[in-house]
Amino acid sequence: MTYLFISDLHLSPDHPRLVRGFLALLKQYQHKNTQLYILGDWFNAWIGDDYTAPWLDGIVSALQKFTAADNQVYFQVGNRDFALGQKFLKQFDGILLPDVYTLNIQQHTFRLEHGDALCTDDVAYQRFRKVIRNPVLLGLIKRTPLSFRQKLANGFRKKSSETKQLKSYDIMDVNAQAVESVIEHVDYLIHGHTHRPEIHHVLNKQRIVLGDWRADSAWILELSPQENYQLDFKQWFY
């Protein structure tokens, strides 16, 4: 069994190389009895599970082949694709995980999350997150026409880009106390969101930050318990 963790792919039709990179990853791990964990921002934007497009059909098809080969796909929503649900994942037998998930592997505990909830210094974002992730509001948005949701997503991305330019580097990173409060109960904390790939040591535990995907490379975390519990955090080129 191989456990593979990735996040922040930001797939979209505007960046076909990222899509090809993801398809290459599926092909490389297809015959390794893989449990693939995607910890948010899989897509650059997601306007609802009723969205269809030719570029997305290729991804679904590759995922169907991947899971048909006795692999499993798990997904946690991020700040870009929080509207993605089980309806989309059902096409390839994927499983939607809660915002925080504890994975147990051979008496080791891993806390998995996207990471944006740990950035508590960014008060404005946390307020927005609380509002937009409200189940009632999200349910209402999903009932609006696709064209409206597309405009809404474009507006969110534009606003996010503008506000990031005005925020300091530290504010957009995780809060140390927030990290300590959650990592003390597990052996490892794995998250993405910040786009700052690195392994940090906190309270004698490991906080592993997954990186975002680029034009020709990505940061991936591979765990092979059968090989002396080998934890391999590496930059993967495609």
Side-chain angles (χ1 to χ4, degrees), residues 1-12 16-43 46 49 51-78 81-82 84-114 186-192 197 206 208 210-213 216-238:
M1 175 74 69
T2 297
Y3 297 84
L4 187 65
F5 305 88
I6 58 176
S7 72
D8 300 281
L9 288 72
H10 296 280
L11 301 186
S12 77
R17 292 191 67 176
L18 296 180
V19 174
R20 290 197 295 269
F22 178 62
L23 299 181
L25 186 75
L26 294 179
K27 186 175 181 179
Q28 179 167 326
Y29 283 85
Q30 184 166 333
H31 302 293
K32 294 187 178 182
N33 191 17
T34 303
Q35 289 197 14
L36 174 61
Y37 290 83
I38 306 173
L39 308 188
D41 284 7
W42 185 5
F43 296 95
W46 191 261
D49 288 356
Y51 168 73
T52 59
W55 73 276
L56 196 57
D57 293 340
I59 293 175
V60 171
S61 178
L63 286 164
Q64 289 172 339
K65 293 178 181 178
F66 183 76
T67 55
D70 294 325
N71 303 301
Q72 185 62 63
V73 177
Y74 299 90
F75 172 70
Q76 285 181 313
V77 301
D81 48 18
F82 56 84
L84 197 154
Q86 188 61 54
K87 181 180 178 181
F88 174 73
L89 299 172
K90 186 178 179 180
Q91 297 178 86
F92 47 87
D93 296 322
I95 297 175
L96 181 65
L97 298 178
D99 289 350
V100 175
Y101 181 73
T102 301
L103 175 65
N104 296 290
I105 306 175
Q106 294 185 352
Q107 299 180 341
H108 293 264
T109 55
F110 296 77
R111 179 186 170 104
L112 311 180
E113 59 182 296
H114 179 57
V186 296
D187 299 311
Y188 299 89
L189 168 62
I190 305 175
H191 71 83
Q206 286 190 351
I208 305 173
L210 303 171
D212 59 320
W213 284 43
D216 61 354
S217 66
W219 284 91
I220 64 175
L221 176 65
E222 180 181 332
L223 173 61
S224 302
Q226 66 274 21
E227 298 177 6
N228 297 320
Y229 209 80
Q230 180 179 348
L231 192 65
D232 191 10
F233 184 54
K234 61 185 177 182
Q235 190 171 16
W236 176 68
F237 294 89
Y238 49 83

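- The line from CG of Leu189 to CZ of Phe110 is 11.0 Å long, rounded to the nearest 0.5 Å.
- Sorted by first and then second residue, the salt bridge (Lys or Arg N to Asp or Glu O under 4.0 Å) pairs with a member in residues 100-113 read Arg111-Glu113; sequence neighbours excluded.
- Aromatic ring centres of Trp213 and Tyr238 lie closer together than 6.0 Å.
- Residue Ser7 comes nearest to Gly192 through the heavy atom pair OG-CA, 3.4 Å, listed as atom of the first residue, atom of the second, then distance.
- The aromatic rings of Trp46 and Tyr51 sit perpendicular to each other, their planes meeting at more than 60°, with 30° as the lower class boundary.
- Smallest separation of non-hydrogen atoms from Ser224 and Thr2: OG-OG1, 4.1 Å.
- Atoms OG1 and CG, from Thr52 and Asp57 in turn, are 7.0 Å apart once rounded to the nearest 0.5 Å.
- Checked options Phe237, Trp236, Phe5, Phe233; the residue passing with Trp219 is Phe233 (criterion: ring pair (Phe, Tyr, Trp, His ring centres under 6.0 Å)).
- Listed for the His10 side chain is no donor-acceptor partner under 3.5 Å among the backbone atoms of Phe43.
- Interatomic distance, Ile6 CD1 to Leu210 CG, rounded to the nearest 0.5 Å: 9.0 Å.
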Chi angles and distances behind the side-chain contact (heavy atoms from CB on, under 4.5 Å) call for Thr34, Phe66: CA-CA 9 Å; Thr34 303; Phe66 183 76; 4.0 Å; yes

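- Each side-chain hydrogen bond (donor to acceptor under 3.5 Å, both in side chains) pair with one or both residues in residues 65-77, not counting sequence neighbours, would appear here, but there are none.
- The CG atom of Leu18 lies 11.0 Å from the CG atom of Leu23; values are rounded to the nearest 0.5 Å.
- Smallest separation of non-hydrogen atoms from Val77 and His114: O-CB, 3.7 Å.
- With rounding to the nearest 0.5 angstrom, the CG atom of Leu9 is 10.5 Å from the CG atom of Leu39.
- Here the CD1-CG distance, from Ile59 to Leu26, works out to 9.0 Å after rounding to the nearest 0.5 Å.
- For His191, there are no ring pair (Phe, Tyr, Trp, His ring centres under 6.0 Å) partners, not counting sequence neighbours.
- You'll find the side chain of Ile208 reaches within 4.5 Å of the side chain of Leu231, heavy atoms only.
- For the side chain to side chain donor-acceptor pair (under 3.5 Å) test, residues two or more places apart in sequence or in another chain that qualify with Thr109 are Asp187.
- No side-chain heavy atom of Leu103 sits less than 4.5 Å from a side-chain heavy atom of Tyr188.
- Residues in residues 229-238 take part in these salt bridge (Lys or Arg N to Asp or Glu O under 4.0 Å) pairs, two or more places apart or across chains: Glu222-Lys234, Asp232-Lys234.
- Between Ile220 and Tyr29 there is a side-chain heavy-atom pair separated by less than 4.5 Å.
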Solution key, residues 84-94 side-chain donor-acceptor pairs under 3.5 Å, sequence neighbours excluded:
from, atom 1, to, atom 2, distance (Å)
Gln86, OE1, Leu96, N, 3.1
Gln86, NE2, Gly94, O, 2.8
Gln91, NE2, Phe88, O, 3.2

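- Under the ring pair (Phe, Tyr, Trp, His ring centres under 6.0 Å) criterion, Trp42 pairs with Phe22, Phe75, not counting sequence neighbours.
- Qualifying side chain to side chain donor-acceptor pair (under 3.5 Å) partners for Asp81, counting only residues two or more places apart in sequence or in other chains: none.
- In this structure, the side chains of Ile105 and Met1 stay at 4.5 Å or more apart for every pair of heavy atoms.
- Scored by the side chain to side chain contact (heavy atoms under 4.5 Å, CB included) test, Gln106 finds Pro225, Tyr229 as partners (sequence neighbours excluded).
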Residues Ile190, Tyr37; criterion side-chain contact (heavy atoms from CB on, under 4.5 Å); working and verdict: CA-CA 11 Å; Ile190 305 175; Tyr37 290 83; over 6 Å; no

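- By the side chain to side chain donor-acceptor pair (under 3.5 Å) test, Ser61 is found to be paired with no residue, residues two or more places apart in sequence or in another chain being considered.
- For Asp99, the side chain to side chain donor-acceptor pair (under 3.5 Å) criterion is met by Arg133, not counting sequence neighbours.
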